[in-house]
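Structure first, commentary second.
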Amino acid sequence: MLTLFTKRVLLVMANIPEGKVLTYGRVAALAGKPSGARQVSRLLHSMSEKYHLPWHRVVNSHGKISLRPSQGYELQKALLESEGVEFSQKDIIDLRIYLWTDRV
DNA sequence: CCACTGACTACTT
DNA sequence: CAAGTAGCCAGTG
């Protein structure tokens, strides 16, 4: 039984354009729950595989990948770089450039 | 229904 | 800037 919030998260996820990223909090906000960041991460865990979502386009509020090395970190970074997202020396994404603002 | 987990975030030390 | 803490709430058993 999925909640409306969950369904909206799936919608938002599916609409992130290539080369752009969203923070967990931003996804949650767009889905209707500004404080639902943790739920987004929880959802990605259980839904990303079953709904083949572009989970790699979601990073934390600091513009960094939240996964730990050998837990998907390298994979996510590789996927983002292949879409044109650049990482700083400290593996930080410049959200001023790559954060998706939902505006076209 | 209760307890626990979690890829978060903002705030405080 | 790093580490700790409280609030957050859906999914799972």
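Basis for what follows: all heavy atoms, side chains included, without hydrogens, waters or symmetry-related copies. Naming convention: chains lettered A, B, ... in sequence-line order (proteins, then strands); numbering from 1 in each chain.
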Tell me which residues in residues 14-21 of chain A lie within less than 4.0 Å of DNA chain B, going by non-hydrogen atoms. none
For the student: nearest non-hydrogen atoms of A:K20 and A:V85, plus distance: N-CG2, 4.5 Å
For a quick check, with a 4.0 angstrom heavy-atom cut-off, what is the B/S/- contact string for nucleotides 3-13 of chain C, read 5' to 3'? ----BBBBSS-
Residue-level proximity of residues 52-66 of chain A to DNA chain B when a heavy atom falls under 4.0 Å: A:W55, A:N60, A:S61, A:S66
Using a 4.0 Å heavy-atom cut-off across all strands, classify A:S48 as base, sugar-phosphate, or nothing. base
All pairs passing side chain to side chain donor-acceptor pair (under 3.5 Å) where residues 27-43 of chain A contributes a residue, at least two apart: none
Looking at residues at least two apart in the chain, or sitting in another chain, which of them share a side-chain hydrogen bond (donor to acceptor under 3.5 Å, both in side chains) with A:T6? A:T3
Residues that A:L95 engages under side-chain contact (heavy atoms from CB on, under 4.5 Å), provided they are two or more places apart: A:V21, A:T23, A:V59, A:L99
If you group Ile, Leu, Val, Met, Phe, Trp and Tyr by side-chain heavy-atom gaps below 4.5 Å, do A:L80 and A:I92 land in one group? no
Verify same cluster id: A:L11, A:L43 (apolar side-chain graph, 4.5 Å): no
Please enumerate all residues that pass side-chain hydrogen bond (donor to acceptor under 3.5 Å, both in side chains) together with A:S48, with sequence neighbours excluded. none
Which heavy atom in A:A28 sits nearest to a heavy atom in A:G36, and how many Å separate them? CB-C, 3.4 Å
Pairs meeting criterion salt bridge (charged side-chain N to carboxylate O under 4.0 Å, His left out) with involvement of residues 87-99 of chain A, two or more places apart: A:K77-A:D91, A:D94-A:R96
Quick one: salt bridge (charged side-chain N to carboxylate O under 4.0 Å, His left out) pairs with a partner in residues 54-67 of chain A, sequence neighbours left out? A:R57-A:E83
By side-chain contact (heavy atoms from CB on, under 4.5 Å), which residues pair with A:L79, not counting sequence neighbours? A:W55, A:H56, A:L75
Name the first nucleotide and the last nucleotide along DNA chain B (5' to 3') that come under 4.0 Å of a heavy atom in chain A. B:dT5 to B:dA10
Partners passing side-chain contact (heavy atoms from CB on, under 4.5 Å) against A:P34 (at least two apart in sequence or in another chain): none
